[in-house]
Amino acid sequence: MIDALLVNAAILVGVTLMLWLVSVKIGDVSFIDSYWGAGMALMALTSWLQLEQRGLLAHLLLGMTAAWGLRLGIYLFRRWRAEGEDKRYARMLRKAREEGRFASTTLTKIWLGQAVLLFLVSSPAQAGILAAGGENRLTVLAIVGTVLYLVGIFFEWVGDWQLARFKANPANKDLVMDRGLWRYTRHPNYFGDACAWWGIWLVASGISWEVALWTVAGPIFLTFTLIKWSGAALLEKGMKHSRPGYEEYKRRTSAFVPMPPKNTD
């Protein structure tokens with residue numbers, strides 16, 4: 001398995017460097033967000049391709065990761081094409097641009113860092129596929145994990161679709177999205193992300209306890225970053241100033257796990 005993971009790492013570094021060169025040429029790294037999902041699908045595929053025998057569990061883990069990663073990658077790529085450079089990256093790289101350090105800064109602080117985290121978070125899919133091989137037996141953990149994954153996919157896909165429709169209506173400019181799934185959690189897409197990857201981890205864990213132990217850092221880190229680091233925490237910091245009604249929305253709506261809205265009267 002170690003040799004296969006090293007092959008995956010080499011492929012990931014190679015693709016990352018090529019995309020970094022593209023970002024330097026166009027002067028924008030914002031499309032890296034779409035690489036987050038697509039890169040994890042790539043890691044699952046390269047793991048699957050290295051198997052001599054491919055059974056039901058390997059196919060299941062590949063399908064779960066590819067469906068999650070490609071949908072997210074396409075969604076974020078289209079958003080980047082429609083909206084242009086992400087304001088977060090513009091602020092982060094302003095000084096580096098002014099000082100002529102755009103290329104080196106984006107390589108070390110953005111692209112290579114993203115590659116390391118991408119490899120870590122996708123480890124349940126990679127190790128699970130490689131350990132599954134020709135295994136066709138569906139364990140209880142695999143069934144539970146698949147159900148949790150489907151819950152996550154529902155919240156992520158429907159939440160993103162509802163938000164896209166809301167933002168497409170000019171009448172909603174500067175308003176807070178508090179409808180549909182967003183009525184029950186301020187971040188249905190992030191909640192869905194976490195459920196999807198805990199589901200993938202559970203499926204992989206059913207193969208062996210070693211896989212469960214070696215890869216649990218992936219969903220733990222993802223959940224942490226979605227809640228406390230670059231996900232909800234960073235987004236809400238900006239929303240506080242750009243959406244006048246956001247503080248009221250926060251008081252009545254669950255931060256992450258879906259819950260009935262609180263009565264603030």
Side-chain angles (χ1 to χ4, degrees), residues 19 22-23 25-39 41 67-94 97 102 106 110 114 150-196 225-265:
L19 293 175
V22 172
S23 72
K25 184 173 181 60
I26 66 175
D28 184 3
V29 300
S30 304
F31 67 92
I32 193 173
D33 289 345
S34 63
Y35 181 47
W36 177 252
W68 175 86
L70 293 177
R71 197 287 314 183
L72 181 62
I74 292 170
Y75 172 79
L76 293 176
F77 184 80
R78 292 178 64 186
R79 189 178 72 179
W80 169 66
R81 293 289 293 170
E83 299 179 4
E85 185 176 19
D86 191 305
K87 294 178 181 178
R88 296 172 302 162
Y89 293 116
R91 288 195 299 267
M92 191 184 307
L93 296 169
R94 183 177 295 116
R97 276 197 176 98
F102 181 82
T106 54
I110 296 180
Q114 176 93 306
L150 291 174
V151 170
I153 288 295
F154 171 79
F155 270 87
E156 183 182 3
W157 292 14
V158 173
D160 279 341
W161 173 72
Q162 291 175 338
L163 181 61
R165 289 190 64 194
F166 179 84
K167 292 172 68 175
N169 185 347
N172 294 326
K173 181 177 173 58
D174 296 329
L175 297 182
V176 176
M177 171 53 163
D178 59 357
R179 308 167 193 176
L181 296 179
W182 300 81
R183 184 169 181 263
Y184 304 100
T185 167
R186 303 201 296 270
H187 305 283
N189 47 357
Y190 293 157
F191 172 75
D193 268 350
C195 287
T225 191
L226 288 173
I227 299 174
K228 296 293 185 181
W229 189 20
S230 63
L234 185 61
L235 179 63
E236 292 197 348
K237 187 177 180 180
M239 293 290 283
K240 180 179 179 180
H241 303 290
S242 62
R243 296 290 188 276
Y246 199 75
E247 287 302 307
E248 170 60 26
Y249 174 62
K250 285 179 66 175
R251 283 193 287 271
R252 68 174 184 269
T253 310
S254 172
F256 197 71
V257 178
M259 299 286 288
K262 298 175 183 176
N263 188 344
T264 58
D265 293 337

Arg251 to Lys262 - nearest heavy-atom pair and separation: O-CD, 3.5 Å
Flag side-chain contact, heavy atom, 4.5 Å: Asp178 against Arg252: yes
Within residues 151-161 or reaching into it, pairs that qualify as salt bridge (charged side-chain N to carboxylate O under 4.0 Å, His left out) - sequence neighbours excluded: Arg71-Glu156, Arg71-Asp160
Exercise: identify the closest heavy-atom pair between Arg88 and Asp33: NH2-OD2, 2.8 Å
Distance in Å, Leu76 CG paired with Ser30 OG, rounded so as to fall on 0.5 Å steps: 11.0 Å
Tyr249 to Arg186 - nearest heavy-atom pair and separation: OH-CA, 3.4 Å
From Arg179 atom CZ to Phe166 atom CZ, the distance as rounded to the nearest 0.5 Å: 5.0 Å
Flag side-chain contact, heavy atom, 4.5 Å: Leu226 against His187: no
Whether Arg97 side chain and Gly27 backbone form a donor-acceptor pair below 3.5 Å: yes
Over all atoms of both residues, closest heavy-atom pair of Cys195 and Gly152: CB-CA, 3.5 Å
Nearest-0.5 Å distance that lies between atom CZ in Arg183 and atom OG1 in Thr253: 8.5 Å
Which atom of Pro188 lies closest to which atom of Gly159, heavy atoms considered: CG-CA, 4.2 Å
Side chain to side chain, Leu93 and Phe102, heavy atoms closer than 4.5 Å: yes
Closest contact, heavy atoms only, Gly73 versus Ser34: O-CB, 3.2 Å
Met92 CE to Thr106 OG1 distance, which is reported to the nearest 0.5 Å: 11.5 Å
Distance in Å, Asp28 CG paired with Glu85 CD, rounded so as to fall on 0.5 Å steps: 4.5 Å
Atom CZ of Arg165 with >12 non-hydrogen neighbours under 6.0 angstrom: no
Distance, nearest 0.5 Å, that separates CD1 of Ile32 from OH of Tyr89: 5.5 Å
Donor-acceptor contact present, side-chain Thr185 to main-chain Phe256, <3.5 Å: yes
Side chain to side chain contact (heavy atoms under 4.5 Å, CB included) between Val22 and Phe31, worked out: CA-CA 10 Å; Val22 172; Phe31 67 92; 4.0 Å; yes
For Asn189, the option from Trp157, Phe155, Trp182 that meets side-chain contact (heavy atoms from CB on, under 4.5 Å): Trp182
Check: Ile153 and Trp68 side chains under 4.5 Å, non-hydrogen atoms: yes
